[in-house]
Amino acid sequence: MLDPKLLRTELNDVAVRLGTKNFDLDIRQFESLDAKRKSAQVAVEELQAERNKRSKVIGQAKAKGQDVEPLLAEVADLGDRLDAAKSQFDVVSEQFQSLLLSIPNIPDERVPAGKSETDNIEIRQRGTPREFNFTALDHVDLGEHGNAMDFEVAAKITGSRFVTLHGELAQLHRALTQFMLDLHVNEHGYQEVYVPYIVNAESLQGTGQLPKFGEDLFKLEGDKDYYLIPTAEVPVTNLLRDAIVSEEQLPLKFVCHTPCFRSEAGSYGRDTRGMIRQHQFEKVELVQLLRAQDSHAAHEALTHHAEVVLQKLDLPYRLVNLCGGDLGFASAMTYDLEVWLPGQAAYREISSCSNFLDFQARRMQARWRNNATGKPELLHSLNGSGVAVGRALIAVMENYQQQGGSIAVPAVLQPYMGGKTLLFSDS
RNA sequence: GGAGAGAUGGCUGAGUGGUCGAAAGCGCUCCCCUGCUAAGGGAGUAUAGGUUGAUAGCCUAUCCAGGGUUCGAAUCCCUGUCUCUCCGCCA
């Protein structure tokens, strides 16, 4: 959520900057709603003030044993007037609030203009895509060859966009997770957390998935508004919802491994082959919450932490700065890490590192207390995948494949694989 | 699933339908006193919103949440949520 005060005072500027995100802010609508809200609120508060004053007088009169009947007569219609004013205010206030919740975050100045991912700007590239002296397979063929990846049986068990992994490949998947967690905990100073995979609507509103993007979520049946998490960002960032932490506790750095569930509504026909785009996948997520003045540097650091994963796995990748049109709703600036997939001969997103500034914190009322002023201030929140486990698995398979369909184990993963150096060697 | 108890400010913990945003204690901040890491005295110490040039005032809201009764609710009524205890079941 944007600061309502900013919207009031710099509405035109904000509208222009939101334009780079392909968002059309209706200036007239905002102004008229805000004006309505203002008069309705003032009306309610004035009536409340009067009621408080009168009631106080009645109380005092009664204490002195005076006759309060005439005083009661004076306030006879006050209640009705107040109710009327209140119901009017409630309507306007709700409209105003939902408008505020539907406005995306303002892009940072460094966000390039552009409409789609083709306009993203490449910042740097690391590693060189390997030259194969044989025909490189994609992960689907490799997985089939090793009898280790099965989309058909997953479709039987559940439906499309699910997969089962077997034997050494399932083990490699787990090894990747363990490796990433250990890296971020031991070398990057994150605290590992375990969180619910089911969250309520308030949490999703806090991070920005609701109210606008409910169709991307799996909602549970039942009398409660429960959803499967689309990312660990939701439960982890909401650890701080309605909280005020002391300055000494900052920065907060959490790493969290969870499954993620996404309906992928609107992506019919995209990435239908393989496990690039699944309804269920695993991710190791990095989340930071800290002071406003530290968030730019933290964004760079967090992105680097994700990069280290790819560097240690020796996977070729590139870093791109997302253009306005490709930027997420809550993000002010996002770096994507794209890993090289020989099977597609393309770089594909494997991590997305975003700075939300105080956008999520304002929705969540997540704050810290400034020692210098003694006052609470909104936290800045950031997160990034460190990295997506399913896609990392694909990347390792395709980049480390050997002639004949076996797969070498990256050196850093070997300790997690019982020293194994080659998978599918006997198939 | 059954039975019961509870939810008050950073913490502990009072609270009557009326001047309670809320006693007291602790903690914290500032000041005073004190020749020393003791003790004492005083003042202050929530959050959000509105209004405003203003972090000055003023107004409003908030004692788990949402409704209700009332001129007036932390206090009475209803519903829900959460926590705790006991029983049952269970990974």
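Chain identifiers are assigned alphabetically (A, B, ...) following the order of the sequence lines, protein sequences preceding nucleic acid strands; residue numbering begins at 1 within each chain.
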- Query: Taking CG from L72(A) and C1' from rG17(B), how many angstroms apart are they, rounded to a whole number?
  - Reply: 14 Å

- Message: Between rA5(B) and rC77(B), how far apart are the two P atoms, rounded to whole Å?
- Response: 14 Å

- Message: Rounding to an integer number of Å, can you tell me how far I244(A) CD1 sits from rU47(B) C1'?
- Response: 7 Å

- Taking atom C1' in both rC64(B) and rG72(B), what distance in whole Å separates the two? 23 Å

- How far, in whole Å, is rU52(B) from rU45(B) if one measures between their P atoms? 26 Å

- Query: Do side-chain atoms of Q178(A) reach the backbone of Y416(A) as a donor and acceptor pair under 3.5 angstrom?
  - Reply: no

- Message: I'd like to know if the side chain of R161(A) and the backbone of H279(A) have a donor-acceptor N/O pair within less than 3.5 Å.
- Response: no

- Message: So if I define the base as every atom that isn't primed, P, OP1 or OP2, how would nucleotides 59-66 of chain B read as a B/S/- string at a heavy-atom cutoff under 4.0 Å?
- Response: BSS-----

- Message: Donor-acceptor check, side chain of T207(A) to backbone of S203(A), threshold 3.5 angstrom: yes or no?
- Response: yes

- Closer than 4.0 Å, any side-chain N/O of R369(A) to the OP1 or OP2 of rU47(B)? yes

- Message: Counting only heavy atoms not in E94(A) (residues, nucleotides, ligands), do more than 12 fall under 6.0 Å from its CD?
- Response: no

- Item | Integer angstrom distance from the P of rC63(B) to that of rU19(B) | 15 Å

- Task: Using atom CZ of R8(A) as one end and atom C1' of rU51(B) as the other, report the distance to the nearest whole Å.
- Result: 11 Å

- Task: Check the side chains of H257(A) and E282(A) for a donor-acceptor pair under 3.5 angstrom, ignoring hydrogens and angles.
- Result: yes

- Item | Inter-nucleotide C1' distance (rC32(B), rA24(B)), Å rounded | 24 Å

- Check every atom of rG18(B), rU81(B), rU19(B) against the side chain of K224(A) and return the nucleotide holding the closest atom. rU81(B)

- Item | Nucleotide nearest I58(A) when distance is taken to its side chain, options rU81(B), rG49(B), rG18(B) | rG18(B)

- Paired nucleotide for rU79(B) [Watson-Crick or G-U wobble; both distances under 3.5 Å]: rA65(B)

- Message: Can you tell me the base-pairing partner of rC71(B)? Count Watson-Crick or G-U wobble geometry only, both distances below 3.5 Å, and say none if there is no partner.
- Response: rG18(B)

- Item | rA46(B) to rG27(B) separation - C1' atoms, rounded to the nearest Å | 15 Å

- Looking only at N and O atoms, is any donor in the side chain of K62(A) or the base of rG18(B) less than 3.5 Å from an acceptor on the other one? yes

- Task: Round to the nearest Å and state the distance from Q249(A) atom CD to rG10(B) atom P.
- Result: 14 Å

- Query: Taking the P atom of each, how far is rC76(B) from rG6(B), in whole Å?
  - Reply: 12 Å

- With both distances under 3.5 Å as the test, what is the Watson-Crick or G-U wobble partner of rA54(B)? none

- Note on the structure: D242(A) atom CG is separated from rU47(B) atom P, nearest whole Å, by 14 Å

- Provide the Watson-Crick or G-U wobble partner of rU60(B), both distances under 3.5 Å; none if there is no partner. rA48(B)

- Taking atom types as modelled and ignoring hydrogens, do the side chains of E202(A) and N238(A) form a donor-acceptor contact shorter than 3.5 angstrom? no

- Item | Selected nucleotide, minimal atom distance to K375(A) side chain, candidates rU81(B), rU47(B), rG18(B) | rU47(B)

- Note on the structure: Checking N1-N3 plus N6-O4 or O6-N4 for Watson-Crick, or N1-O2 and O6-N3 for wobble, each under 3.5 Å, the partner of rG40(B) is rC32(B)

- Message: Taking only the P atom of each, what is the distance from rA43(B) to rC26(B) in whole angstrom?
- Response: 14 Å

- Step through the shown structure and confirm whether more than 12 heavy atoms of other residues, nucleotides or ligands are within 6.0 Å of CZ on R110(A). yes

- Message: For a quick test of reading the model: is some side-chain N or O of R54(A) closer than 4.0 Å to OP1 or OP2 of rG18(B)?
- Response: no

- Counting only Watson-Crick or G-U wobble pairs whose two distances fall under 3.5 Å, which nucleotide matches rC26(B)? rG10(B)

- Task: Starting from C1' on rG68(B), measure out to CG on D80(A) and report it in whole angstrom.
- Result: 15 Å

- Whether over 12 other heavy atoms sit under 6.0 Å from N371(A) CG: yes

- Using purine N1 to pyrimidine N3 plus N6-O4 or O6-N4 for Watson-Crick, or N1-O2 and O6-N3 for G-U wobble, each under 3.5 Å, what pairs with rG4(B)? rC84(B)

- Item | Upstream residue (5' side of RNA chain B) when P376(A) and K38(A) are each assigned their closest nucleotide | P376(A)

- Among rG50(B), rA48(B), rU81(B), which is the nearest nucleotide to the side chain of Q365(A)? rA48(B)

- Task: Measure the distance from CG on D90(A) to C1' on rG67(B) and round it to the nearest whole Å.
- Result: 13 Å

- Query: Quick check: are there more than 12 heavy atoms from other residues, nucleotides or ligands sitting under 6.0 Å from NZ of K312(A)?
  - Reply: no

- Task: Measure the distance from NZ on K5(A) to P on rU55(B) and round it to the nearest whole Å.
- Result: 7 Å

- Within 6.0 angstrom of K56(A) NZ, more than 12 heavy atoms from elsewhere: no

